[in-house]
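Both ligands and their constituent atoms are indexed starting at 1 by order of listing.
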Amino acid sequence: MTSTTSISLANLDHFAHGAPWDLFAELRANDPVNWSEEEEPQSGFWSIMSYHDIVKVLRDPETFTSERFTNLEEVDAEQEEARRSLLETDGARHRALRRLLQGQFTPAAVARYETFLRGLTATTLDEAFAKGEFDFVQEVSADFPIQVLAKLLDVPEEDTGQLIEWGNRMVGFDDPEHADLLMHSPESEEFRLVPFRSPAALEVFAYGDELARARKGKDGDDLVSVMVNSEMSDGIKLSERDFHTNFLLLVVAGNETTRHTISHTMRNLMEHPDQLAILQENPDLIPWAVEEFLRFASPVYHFRRTATKDVEFGGRMISEGDKVVPWFASGNRDDAVFDRPNDFDVTRTPNEHMTFGRGGPHMCLGNALARIEIRVMFEDLISRIDSVELTGEIDYLRSNFVHGIKRMPVKVNLR
Ligand code: HEM
């Protein structure tokens, strides 16, 4: 397999200092369906860089399946069987699993949490702002999303610190600072049957089991109660594996993604004081500006698919079994869809970004929840600040999966 460019998106050096927007632009222009070699035992992957091509891939799960898993790690049949969640299921079973959970994630369902979110936001910002100078990630964005998830799962407040730690250990699998075992290390082999090859996943399963035991047969309406007490619409019971993997998915999916969106948005507002000023003068624009926050943050670079047959796509021959990676972050900067795509414009309209995917069966289940969290956070934050300054280096997660900020020292000047 050859690429017309020499850029490999498997090379994590490209991602050590945030998103490689220029590389994405070059690939969109010169090699929009390109091949990256990977180190053994991985076999390389196709990257889909352009918005419209990405939409085609997402909407064609029969050709581009999620069933062979959705990050770059290649898994065998035994691992698939043990690790499969909603995210890695297609077809009728996917629809049944999604139906089980979706009632808790509609805009109306998540609107019930607005008062709780306002309280949580106010406390988070009170404590951070009292410090004057602080690490924005640690003090504001890191714990906020998981505290919301804890509410949806109805877990005791004192357990949220533990949930945060598990989330960090699992999702930072490429980053030595976070992971206990790096995903491609020989030591991680022992944990090959658990998500992210992470021992933390086993702890999350055990914790989920405890909650499930306590709620089985009761009439709670939290996510765990819904999972253990509802009938499946396809008549196939939720297995222990289904419960474990989907519980873990819920813990992970809304954690890092929302955290990094909040951190990136703070960074973007610092770097674009004119846009901050627009929102300070017109706070009614914030609900709409959230879409630009999401487009510009692109906290998940991609979720991969696998070709189920040989297929010609974008002038390239993709073979059955090849990994195919739609780069949402690249699609979000595609000038075929977005006017001046590299401008952070909080009044941008329309704004059909692909931060949650775009169409297709796996479109983010938590998108309404993420949107309300981000809106409430910035409605409060923007109303209190005069300006925010960066006081040191921003430290990025070294990953081509999650576009994350680990540390961002700031000084806040209040109104
Ligand atoms: C800004 C925050 C978020 C971003 C950027 C994000 C992004 C995404 C994306 C791109 C997908 C599609 C995966 C694919 O195509 O294979 C997805 C799926 C999913 N997300 Fe989110 N997400 C966010 C927040 C959340 C939250 C708060 C939750 C709630 C727990 C959540 C739960 C899920 C679930 C369960 C799926 C799997 C859906 C399925 O396979 O049918 N996400 N997310």
Are [X] and ligand 1 in contact, using a heavy-atom cut-off of under 4.0 Å?
X    : result
E88  : no
M354 : no
P361 : yes
L149 : yes

Short list, please: which atoms of ligand 1 are under 4.0 Å from a heavy atom of [X]?
X    : value
H94  : 39 (C), 40 (O), 41 (O)
G357 : 10 (C)
R98  : 38 (C), 39 (C), 41 (O)
G254 : 25 (C), 26 (C), 27 (C), 28 (C)
L87  : 13 (C), 16 (O), 37 (C), 40 (O)

Under 4.0 Å, heavy-atom basis, I'd like to know which part of [X] is in contact with ligand 1: side chain, backbone, both or neither.
X    : value
T261 : side chain
L152 : neither
F303 : side chain
S66  : neither
L249 : side chain

_Could you walk me through whether D345 and Q275 satisfy the side chain to side chain contact (heavy atoms under 4.5 Å, CB included) test, starting with their C-alpha distance in whole Å, then the side-chain angles of each, then the deciding distance to 0.1 Å, before giving a yes or no?_
CA-CA 7 Å; D345 173 2; Q275 299 300 303; 4.0 Å; yes

With ring centroids as reference points, do [X] and [Y] lie under 6.0 angstrom apart?
X    : Y    : result
F328 : F356 : no
W35  : F45  : no
Y396 : H17  : no

Considering only non-hydrogen protein atoms, determine which one is nearest to [atom] and report residue, atom name and distance to 0.1 Å.
atom                    : result
atom 33 (C) of ligand 1 : A253 CB, 3.7 Å
atom 29 (C) of ligand 1 : F105 CE2, 3.6 Å
atom 42 (N) of ligand 1 : C364 SG, 3.1 Å
atom 36 (C) of ligand 1 : L365 N, 4.0 Å

Considering [options], which one's heavy-atom position lies nearest to [atom]?
atom                    : options                : value
atom 12 (C) of ligand 1 : E373, R95, H362        : H362
atom 15 (O) of ligand 1 : R305, H403, M363       : R305
atom 2 (C) of ligand 1  : T257, V402, V290       : T257
atom 10 (C) of ligand 1 : L101, V300, T355, L294 : T355
atom 5 (C) of ligand 1  : P299, A368, G366       : P299

*So F313 and F64, would you call those rings parallel, tilted or perpendicular, with 30° and 60° as cut-offs?*
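Judged by the thresholds at 30° and 60°, the geometry between F313 and F64 is perpendicular.
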
*Can you label the angle between the F338 ring and the Y51 ring as parallel, tilted or perpendicular, going by 30° and 60°?*
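Because their plane-to-plane angle is over 60°, the rings of F338 and Y51 count as perpendicular.
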
Indicate yes or no: does [X] engage [Y] in a salt bridge with an N to O separation below 4.0 Å.
X    : Y    : value
K237 : E231 : no
E73  : R83  : yes
E81  : R241 : yes
E291 : R295 : no
R118 : D380 : no

*Candidates K151, R375, R371 - the one meeting salt bridge (Lys or Arg N to Asp or Glu O under 4.0 Å) with E114*: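 The residue from K151, R375, R371 that satisfies salt bridge (Lys or Arg N to Asp or Glu O under 4.0 Å) with E114 turns out to be R375.
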
*Only one of D60, T308, T89, D90 clears side-chain hydrogen bond (donor to acceptor under 3.5 Å, both in side chains) with T65; which?*
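Option passing the side-chain hydrogen bond (donor to acceptor under 3.5 Å, both in side chains) with T65: D90.
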
_Option passing ring pair (Phe, Tyr, Trp, His ring centres under 6.0 Å) with W166 (candidates F247, Y207, F196, F205)_ =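 Of the listed residues F247, Y207, F196, F205, the ring pair (Phe, Tyr, Trp, His ring centres under 6.0 Å) partner of W166 is Y207.
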
